[in-house]
Amino acid sequence: SSSDGESSDPSGSAGAAGAESGDYSITFLPKNLGNAYFDTSDAGGEEAIEEFGGTYAEVGPAEAAPDAQVSYINTLAQQGVGAVAVSANDPEAICDALNEARDAGTKVVTFDSDTNPECRDLFINQATADGIAKVQVDMIAEQIGDAGQIAILSASANATNQNAWIETMEQLLADEHPDIELVDVVYGDDDDQTSFDKTAALLQTYPDLKGIVSPTTVGIAAAARYISTSDAKGQVAVTGLGTPNQMREYVEDGTVTAFALWNPADLGYLAAYAAKALIDGDITGAEGDSFEAGKLGEYTVDADGTVLLGDPYVFDADNIGDFDF
Amino acid sequence: MSARTWNASQTMLSRLGSFARIREVGILAAFVLVVAVTTAKNPNFLFSPDGFRDLLLTPSILMLVAVGQAVVIITRNVDLSVGSVLGLSAYLTGRIFVDFPSLPWPLVFVIGIAFGACLGLVNGALVAFAKVPSLVITLGTLYAYRGINVWWTGSDRINASDMPDGFLALGTDSVANIPVLTLIALLVLGCAAWYMHTQRGGRELYAIGSDPDAARLYGLRVTRRVLVAFVVSGALAGLAGVLYAARYGTVNSQVGSGFELEAVGAAVIGGVAIFGGSGSVFGAAIGAYLLMTINRALPVLGVDDFWQRAVVGALILGAIVLDRIAAARQVKRFARMREASHD
Amino acid sequence: MTTPPTQGHSTPALKLKDVAKAFGSVVALKRADLTLAHGSIHALIGENGAGKSTLVKIIAGVYQRDAGTLEYDGEPVDFASTADSKAAGIAVIYQEPTLFPDLSVAENVFMGRQPLRSLGRIDTRAMREQVAAIFSELGVDIDPDRPTRGLSIADQQLIEIAKAISLDAKVLIMDEPTAALSGVEVERLFTVARSLRDQGCAIMFISHRFDEVFALCDTVTVMRDGEYIATSPIADTTVEAMVRQMVGRDVEALFPKVESEIGDVVLRVDGLHQTGEFTDVSFDVRAGEIVALAGLVGAGRSEIARAIFGVDPYEGGTVSVGGNTVRRKDPADAMRKGIALVPEDRRHQGVVLESSVARNVTMAIRRTLARGGLLWGGIENTAAREWAARLEVKTAALDAESGTLSGGNQQKVVLAKWLATHPRVLIIDEPTRGIDVGTKAEVHRLLSTLASQGLAVLMISSELPEVLGMADRILVVHEGRITAHLPRETATAENIMFAATHAAEEAA
Amino acid sequence: MTDATTVRTYRDYGQPLWRRILLTRETGIIAALAAVFAVSAASVPNFASELTLQYLLLDTAAILLIALPMTMVIVTGEIDLSVASVVGLSSVLVGVLYQGGVPMALAALIAVAAGAVAGAFNGFLVTVVGLPSLAVTIGTLALYRGLAVGLLGTTAVTDFPDGWRDAATGTIPGTPIPWVIVVFGVLAVAFGLLLHFTPFGRGVFAIGLSDSAAAFSGIRVGRTKLILFVLTGTVSAFAGIYFTLRYGSARGDNATGLELAVIAAVLLGGVSIFGGRGALHGVIAGVLLIGTLSSALRLANVTSDVINIITGTLLIASVVSPSVTAWVRNRWARRGRSAAVSQP
Ligand SMILES: Nc1ncnc2c1ncn2[C@@H]1O[C@H](COP(=O)(O)OP(=O)(O)OP(=O)(O)O)[C@@H](O)[C@H]1O
Ligand SMILES: Nc1ncnc2c1ncn2[C@@H]1O[C@H](COP(=O)(O)OP(=O)(O)OP(=O)(O)O)[C@@H](O)[C@H]1O
Ligand SMILES: [Mg+2]
Ligand SMILES: [Mg+2]
């Protein structure tokens, strides 16, 4: 395995190396920097890259805007990195830039948030939309006794993932939980303060609210924090997608019974191995291709160049102590 | 003195003038109206314990920053870096708790305020000594401070569990039903209003904003006063950062971004003239309450989430247009009174 | 004003020797000397640009001198800022009023040294009372609580005077304090100044009006081109001698009125009305005629002029030039129809101070100068050079910022700007305010010549000699109404003043 | 008038030509741009390529475009903070209309017209109602952005016609110059002439230095400002269409925060925020300087936070440096004298 020194090398030299020997210079491009979720996923990627002796780098815009991501993709294409692992801020806006990078020989893996399938080689799907929607609906139904009003606190109005999940959740609720009423979907913009204030507004607007589902890590933490100090604690259930470190306090104080997530570190880890396989030419992204992903074992490419990480994992008071991310 | 016989009407003029000074009343009325209408639609907005608390609590942080902003705007300057200062000091607060857990938390307040004041000092020194327009300087420090914040914070995030409970409780606790945060903000507002209104230094800030060149000719210590205004704005943004950490419990590198426009907006809605010399910190504070309360009232009133920004924009415009109309009316009235005194 | 009389002091209050000051390449002061004695009023006179105001600002600590010495009460001093000079006991009234428009009159007078109550709180009532006391001494009737925004220049100047007097200073410096004031107010000021002198105050007085200098001052110092020329007791000198020292030559007649052929009506104003400003203003001005609007300061003459030119609105009435109605509130249209306005407030309305002389001179003719819609470098300079030369504007280069010119030269720039448009009607508001005798005579000659060439001139002036000397017809304005039409032949100082104060006396 | 018989002669300029050209802010910025280019080309791998130039121009095109009318607005002493929101609004309008079956050309036309209306509304509030532009455009910043987000909600419109997309991102064959830069070039010449060589432009500068003196000279202050706000709205809307096509995505939050980037670049280019001073070539150099710096720094793997720090510091340094040099020069000239000049 490679040394720490090598992994922290600026990838200016990595670009050159990549061009010479097909070496594994892989750059992670999250939606934005300063986001704990991507911090974890990218760290997983780094771990994988160290295992197979490549060069890891992470770049990204300060704010989650598609146009800023395009500039970074262009830069990476110019540097000729071996592969980019990107979480897209917009499915369409970064397409052209990604395709230009691919024309220049860079492999493109999307993870967490996909682009249109024709702009990338592989998408590492953290979970299927169905799976994510189902686990959240199941959790809230169980926590509120399968009846009553609930609301959704989402990320930004344009977030691709969230919108897809919300659609499926609405469908599931209508089909399988007729006594649960989804009264509102509000957007916290993945901003602590906005999400916090939106939670407060929800509780006021809907005095009979039984639960809040927040399919975003920022939102669920903010909602839990608001409720933990308000009268609604114990009355209104909070669940959704969160990280154990952020939610630990609220699980321990009883505000939150259970929440779900995949392991973002595994997601990054898998993206890195997928990128390696693409660079090696082992796979092309066609359906049925399969590759080895280190400690995670073997994965197979599904339709539309998608690789599924696995089922979401439910955290609760019993198991949360086992995780640290 | 023939041309100077309008003595009686002049007293009336000045009485009208003091009416203009309580222009804040209009904004206060708008605030009350918003609360009343929203409460009529949904009594929980005011009459539930959480509703009442949030009504007071939510705007408190903006109010602190708006008060500082008003002090700066009154001197015919502007501080666009407040959002970045708030973010940096919020992170500093969290960092201190992580790195020096044994430090008593009241000391953290002092550190946060002092830190904000230092950042404000940088702004003020550049504006006052280099004689460069504050809009440009603070636009520069807006970027620079935010950059430092992101660079320092990276992907780090301070979580509620990193901070002591006593400190976090400040963000949510109440004394006699009034949130502690609001009490702190009101205390600051009281001090600022008192200083601006009754102290020589405060009046000099108005004078400087009214005509900086005249102030210099007059022998006022313009440089020092402007410097102080920026330090105050920075210190209040620093305090707001500390309180942000207490209230929201999580701090990342993007805390407070975009806050500058809200702070300037609150001051403007509150009747602080953007070209200095008039307005009050009290108005700015009500402006902050109005702005934030409208934000919260709209969903209750059933306005779709997406349209909220548009409504807020329209309200800002409405506020300044109304203010203008009132001023024009008053000029008309002056003229009519003068006419009457001619005959 | 509680200091005991200190007459008979041997050390001068203020002594300047060989003071020099340059702004970049402009030398404002070469070698200025001045000695102010306690208990005496000292006049400082000189042409526009002689350096009087610069000297004032050096004493006040606004500027730092490049060379020379400054002694205060016999001690050499250096004032690094206006705060220093103020602390030392020097009060200054600057040539341009320096008030804070948003603050009340009382606050303006006491800014930075307001009377205090406990806890450092400002005692507003005491402040108001003290201001009222000073105002009554000065005979001023301004509400201490109103903001100074919107006050006339005269009122602003009176507040400046109140401000300076309230300082109880040992040295009082007044840079053209009377430029905007009318006779009554000037008399009041003089009374106050004399009583201050009698209490031992050293006073410096700058004015372009010789009658004032003779009426008030004990000593006079003349400056020319930044240099000291002479100091003499007022009793030992004459106007002619002073003028010769100022300009270095004899000056011809001050009011060189040329009789000219009066032609058709050019400007017609009919029933102009604006609430609170003026009512039922009707008159006309013929080609070749100079019509003066006389009246007390604050009578609303400037408002009428501005309304005619279209910068201010009016609610009723019409303005026409040569039979064509001028659109309301549209200066561009007024210009096109042939009206030009040289406004009262030179620094804010007349010239763009930070713009070059060339740009200022060609500002009103920029559209006609353009070739194919474009202005290439040379065009404007050629035109500007011609007009600057005609009016003998004193500037080194055409790209000098107009703000660096002296007041009189700025006035010439404004005149050049408007004469370049070849107007049919020239409205000129206080044409010679703050202008030295030499230039004044020139401006008068220019006006006469222009009228004799068929220009219709509407002149607003607060100086009766100017009105009587220049006008063919005099309209007296009182509180926004025209109260008298006086032809040149029958006009006297007495009947103008009567009409100017008439209605008020009735009311009283 | 020391002597009535002397006929005065005037020099056109107080300073020799080389000083007037070399010692300007604009020259300084252009020199800085050249220096950054040279240093980057020499030391940053992959910088010296046509691709860099192409990406640089594509990335900065929207800012370049909006900076043109913004310069004029700032020269009159006003400011328009709503430009980025107009970009978002026009982006959404194009998207919604095109999705609704309106032909692309017509949709674009309507969006540009809407931009003009948005600008006219700003201008109306500033010139007719008489409100300060900073306050007005803080309000319309929120209003226009709110309309944009409200119109499109959660969705984004993506499948724009290829021809249009290619026009927005394509380059002149055989060169790295994007077509949009050709449009920009034409506009830049037009705006340059308008600001620096027409009577209208003279009026713009005069207004910026003194509103009232300009009005007393027969300059139509209100109308001039109104025209400039309309121009700014129109050009911003055009930039919005470019932005939409370049990224192929019409979204309500497109170009959020762009207003500060535009203003920063304009100020860096030597335009005075108080109005009355500035030149268009300086502004263009200012935009390119920020763009080049970030592109070079990105290629050198400097993170976005550091790029922000550098941008901010550069802006401050550029406005502070004249004061500092003047101060140093004064100190130098007055060594030995106790008092320093306090004249502003
Ligand atoms: N700040 C400045 N920058 C450059 N030149 C200046 C400045 N102030 C004054 N000057 C120049 O210095 C000279 C003296 O000006 P000053 O104002 O002292 O004249 P003055 O005697 O007061 O004239 P006036 O009677 O018109 O008021 C003039 O030529 C003027 O142009
Ligand atoms: N008796 C009065 N009562 C109320 N207002 C007055 C009275 N007389 C004048 N004013 C107002 O005071 C202001 C002073 O105007 P201003 O000094 O410009 O007048 P003016 O006649 O042009 O004097 P100047 O000699 O200075 O040019 C005007 O708005 C005028 O309408
Ligand atoms: Mg003078
Ligand atoms: Mg007047």
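Labels below follow one simple rule: chain letters A, B, ... track the order of the sequence lines, proteins then strands, and each chain is numbered from 1.
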Please look at B/Phe275 and chain D and tell me whether the side chain, the backbone, both or neither of the residue comes under 4.5 angstrom of a heavy atom of that chain. side chain
D/Leu125 versus chain B, heavy atoms under 4.5 Å apart: side chain, backbone, both or neither? side chain
Under 4.5 Å, counting heavy-atom pairs only, tell me which of D/Pro132, D/Ser272, D/Ser85, D/Gly146 racks up the most with chain B. D/Gly146
State, to 0.1 Å, how close B/Ala130 and D/Val320 come at their nearest heavy-atom pair, and which atoms those are. CB-CG1, 3.8 Å
Okay, B/Ile148 and chain D: the region with an atom under 4.5 Å from a heavy atom over there is both
Looking only at heavy atoms, the pair that brings D/Ala142 and B/Gly313 closest together is CB-CA, 3.6 Å
Honestly, the part of B/Val132 sitting under 4.5 Å from a heavy atom of chain D is side chain
How close do B/Gly265 and D/Ile138 get, heavy atom to heavy atom, and via which atoms? CA-CG2, 4.4 Å
Using the rule given for side-chain contact (heavy atoms from CB on, under 4.5 Å), can you reason through B/Trp307 versus D/Leu147, listing the C-alpha separation, both sets of side-chain angles and the distance that settles it, and then say yes or no? CA-CA 7 Å; B/Trp307 293 101; D/Leu147 291 177; 3.7 Å; yes
Please step through side-chain contact (heavy atoms from CB on, under 4.5 Å) for the pair B/Leu135 and D/Ile79, ending with a clear verdict. CA-CA 11 Å; B/Leu135 188 89; D/Ile79 198 159; 3.8 Å; yes
Which bit of B/Leu142 is near chain D, if near means a heavy-atom gap under 4.5 Å: side chain, backbone, both or neither? side chain
Tell me which of these, D/Leu81, D/Leu151, D/Ile310, has more heavy-atom pairs under 4.5 Å with chain B than the rest. D/Leu151
Any idea which of B/Val78, B/Ile137, B/Val136, B/Val268 has the most non-hydrogen atom pairs under 4.5 angstrom with chain D? B/Val136
Closest non-hydrogen atoms of D/Ile309 and B/Ala144, given as atom of the first, atom of the second and distance, are CG1-O, 3.7 Å
Honestly, the part of B/Val311 sitting under 4.5 Å from a heavy atom of chain D is neither
For B/Tyr143 and D/Leu260: C-alpha separation, side-chain torsions, deciding distance, then whether side-chain contact (heavy atoms from CB on, under 4.5 Å) applies. CA-CA 10 Å; B/Tyr143 281 115; D/Leu260 293 186; 3.6 Å; yes
